[in-house]
Colleague: 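Before we start, here is the structure in question, set down as C-alpha cells.
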Amino acid sequence: MNAMKMKLLAASLASVMLIAGCSGDKEESDATKEKAPVEQVNENKDDATSNIKQNEALTKKVQEEKGVIDGQVYEQDDTAVGTLLLDKEVSDKDAKELAERFANKIIR
C-alpha cells in the first residue's frame with residue numbers, strides 16, 4: 001500500500017479513537033434514541049461497495065488485544081480501513097501505539 005492509504009487508515013483509526021475517548025459516560029435520552037435515523041442497507045451488489053471484504057484474520061487479532069472492545073478491518077481494492085472501539089481505561093498513548101501497530105500490519 002502506498003503512503004496515502006496509510007495516512008487514510010491512520011486518520012480513520014485516530015478518528016474512531018477520538019470519538020470513543022471523548023464519548024464519556026453520557027446516556028442518550030429516549031427521545032434522542034427514537035429520532036435517530038435508521039440507515040438502509042443497499043442490496044444492489046453492482047455498486048462500488050460490493051467488493052469490500054473483511055480481513056477476518058486481522059479483525060480477530062484486533063479484537064484479541066487488551067483494552068479493545070471491538071474492532072474491524074476491511075479491504076477494498078488497494079484500500080484498507082480499520083476501526084477500533086477501546087475501553088475508556090486505555091490511555092491515549094496506548095491507543096495510538098495500538099492503532100499504528102495494526103496500521104503497519106495492514107500495509108504489509
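Numbering starts at 1 and runs along the sequence shown. Note that the structure is predicted; figures quoted are calculated from it, not measured.
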Colleague: Quick one: list whatever passes side-chain hydrogen bond (donor to acceptor under 3.5 Å, both in side chains) with Asp87, sequence neighbours left out.
Modeller: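 Scan of Asp87 (side-chain hydrogen bond (donor to acceptor under 3.5 Å, both in side chains), adjacent residues dropped) gives none.
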Colleague: Which distance, rounded to the nearest 0.5 Å, do you find between the CZ of Phe102 and the OG1 of Thr83?
Modeller: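 Answer for the CZ-OG1 pair, Phe102 versus Thr83, is 12.0 Å.
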Colleague: Report, one line per pair, each donor and acceptor closer than 3.5 Å where one atom sits in a side chain of residues 61-72; sequence neighbours left out.
Modeller:
from: Gln63; atom 1: NE2; to: Asp70; atom 2: OD1; distance (Å): 3.0
from: Gln63; atom 1: NE2; to: Gly71; atom 2: O; distance (Å): 3.1
from: Glu65; atom 1: OE1; to: Arg101; atom 2: NH2; distance (Å): 2.7
from: Glu65; atom 1: OE2; to: Arg101; atom 2: NH2; distance (Å): 3.1
from: Asp70; atom 1: OD1; to: Gln72; atom 2: NE2; distance (Å): 3.3
from: Gln72; atom 1: OE1; to: Gln54; atom 2: NE2; distance (Å): 2.3

Colleague: So, does Asn104 use its side chain to make a donor-acceptor pair with the main chain of Glu100 at under 3.5 Å?
Modeller: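 Between the backbone of Glu100 and the side chain of Asn104 there is a qualifying donor-acceptor contact (under 3.5 Å).
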Colleague: Verify side-chain contact (heavy atoms from CB on, under 4.5 Å) between Leu98 and Val90, making sure each step is shown before the conclusion.
Modeller: CA-CA 10 Å; Leu98 179 66; Val90 176; over 6 Å; no
